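On a predicted model such as this, the values are computed, not experimentally measured, just so you know.
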Amino acid sequence: MDRIIYSPMKYVQGPGALTRLPQYAAGLSQSGAYAVMGPHMVKHHGAGLEEAFKKEGVSLAIHTFGGECSQTEINRILADLKAKKAGVIIGIGGGKTLDTAKAVAHHAGLPVIIAPSIASTDAPCSALSVIYTDEGVFESYLILKHNPNVVLVDTDIIASSPVRMLVAGMGDALATYYEARACFASGKITTAGGTSSITALAIAKACRDSLFKDGLRAKLAAEAKTVSTALENIVETNTYMSGVGFESGGLAAAHAIHNGLTVLPGGHGAMHGEKVVFGLLTQLVLENAPEEEINQVLHFCRQVGLPTTLEMLGLKDVSDEDLKKAAQASCAEGETIHNMPFAVSPQAVFSALKVADALGH
């Protein structure tokens, strides 16, 4: 089986990076750009971007994102795109906005630039869009032909976003190494379609080490709404290192347990990365990891404010019956928990959830 590494063609990060967007768009197409933007970004940056594109001599059409990465929204944009002069698609905003832009570019056969307004997940760099129904229920994964042509991250914008989103991104990123390590040991297929590599594992390990070194200081900078070296490091960690690490290194129990927890209504208020990090604690229990390693993860979570218990996820009074349902969903056919280097049963996940919760307390 081939070892496969996926990554965006260009990754650009720094204060004020969004102002350089017209130059990167012009480098991909001179026939105009079409931007899918979140409402907040349209309100605060739409007019400025239109003026910047005009100075660059590139036309810009802006579509305000409808709120759901659904096939309805994708089809609506594709229909509008036919009437516009555009040779490049741009996604600016949160995760669903970016996934929609990637899906539109995929169907239209056009290059795509991704400009996240938050650093809460590692999705911006991936060749994947998560498709939902119009009501927001998960529907399918759309595997894209390639990763984004450019990922452009303006750290001034990230620093002004809610701190909880940055911290949730740290939770998502923290699982990267431990899941990649499990996939490397098992030799299972990664999201990129091949087996893991020493390069992907090294990036995943660097991702973990960066979090332990700079996570707390990055959070303090975000609370002060300022860009520091630590914040720059963690934005790169959350976005690029975790993105390449998960896609080319592989997912395992932590993300599968996250998916299982989504069947419990009480946890819907928790963010993706917050559920993933509790899934990581559960994975470490499944692995019977050394106490020192578990304590290192617990200490980091407490430092930056990531949840370590079911109660902190909004599941204070969850019953054993419901936890067993979550454990069962975690072990569904095709779930990434089967990438672990040993067989995992719903009963084992249920037990690990209980132990992880006790350790978190």
Without swapping roles, check the side chain of His146 against the backbone of Ala127 for a donor-acceptor pair under 3.5 Å.
no
Is there a donor in the side chain of Glu247 and an acceptor in the side chain of Ser126, or the other way round, less than 3.5 Å apart?
no
Could you identify which residues cluster with Ile189, counting Ile, Leu, Val, Met, Phe, Trp and Tyr as linked when any side-chain heavy atoms lie under 4.5 Å apart, either directly or through a chain of such contacts?
Met1
Does Lys10 qualify as a cation-pi partner of Tyr24, given the criterion of NZ or CZ under 6.0 Å from the six-membered ring centre and within 45 degrees of its axis?
no
Which residue pairs satisfy the salt bridge (charged side-chain N to carboxylate O under 4.0 Å, His left out) criterion with at least one member in residues 283-297, sequence neighbours excluded?
Arg181-Glu287, Arg181-Glu293
Is Val318 reachable from Val285 through a run of I, L, V, M, F, W or Y residues, each pair having side-chain heavy atoms under 4.5 Å apart?
yes
So if you build clusters from Ile, Leu, Val, Met, Phe, Trp, Tyr with side-chain heavy-atom gaps below 4.5 Å, do Leu201 and Leu211 land together?
yes
Could you name each residue pair satisfying side chain to side chain donor-acceptor pair (under 3.5 Å) that touches residues 198-225, not counting sequence neighbours?
Lys205-Asp209, Ser210-Thr237, Asp214-Arg217, Asp214-Asn233
Gap between atom CG of Leu49 and atom CG of Leu21 - 0.5 Å precision:
6.0 Å
Gap between atom CD1 of Ile131 and atom CD of Glu68 - 0.5 Å precision
10.0 Å
Inter-residue atom distance Asp172.CG - Asn238.CG, 0.5 Å rounding:
8.0 Å
Could you give all pairs that pass the ring pair (Phe, Tyr, Trp, His ring centres under 6.0 Å) test and reach residues 78-112, with sequence neighbours left out?
none
Under a 4.5 Å cut-off applied to non-hydrogen side-chain atoms, are Val58 and Pro22 in contact?
no
Is Leu359 linked to Val277 within one hydrophobic cluster, defined over Ile, Leu, Val, Met, Phe, Trp and Tyr using a side-chain heavy-atom separation of less than 4.5 Å?
yes
Quick one: does His255's side chain have a donor or acceptor within less than 3.5 Å of a partner on Glu335's backbone?
no
Nearest 0.5 Å, please: how far is OG1 in Thr97 from CD1 in Ile90?
13.5 Å
Salt bridge or not for Lys54 and Glu51, using N-O below 4.0 Å?
no
Please tell me whether Ser70 and Asp134 have a donor and an acceptor in their side chains that are separated by less than 3.5 angstrom.
yes
Rounded to the nearest 0.5 angstrom, the OH-OG1 distance for Tyr6 and Thr190 is 8.5 Å
Gap between atom CG of Asp357 and atom CE of Met312 - 0.5 Å precision:
10.5 Å
Between Val150 and Met41, is there a shared hydrophobic cluster once you connect ILVMFWY residues whose side-chain heavy atoms come closer than 4.5 Å?
yes
Can you list every ring pair (Phe, Tyr, Trp, His ring centres under 6.0 Å) pair that touches residues 196-234, not counting sequence neighbours?
Phe212-Phe300
Same cluster or not: are Ile114 and Ile92 linked, directly or through other Ile, Leu, Val, Met, Phe, Trp or Tyr residues, by side-chain heavy atoms under 4.5 angstrom apart?
no
Would you say the side chain of Phe65 lies within less than 4.5 Å of the side chain of Val42, judging by non-hydrogen atoms?
no
Pairwise ring pair (Phe, Tyr, Trp, His ring centres under 6.0 Å) hits with a residue in residues 179-207, at least two apart
none
Any salt bridge linking Asp99 with Lys102? Criterion: basic side-chain nitrogen under 4.0 Å from a carboxylate oxygen.
yes
Donor-acceptor check, side chain of Thr176 to backbone of Ala173, threshold 3.5 angstrom: yes or no?
yes
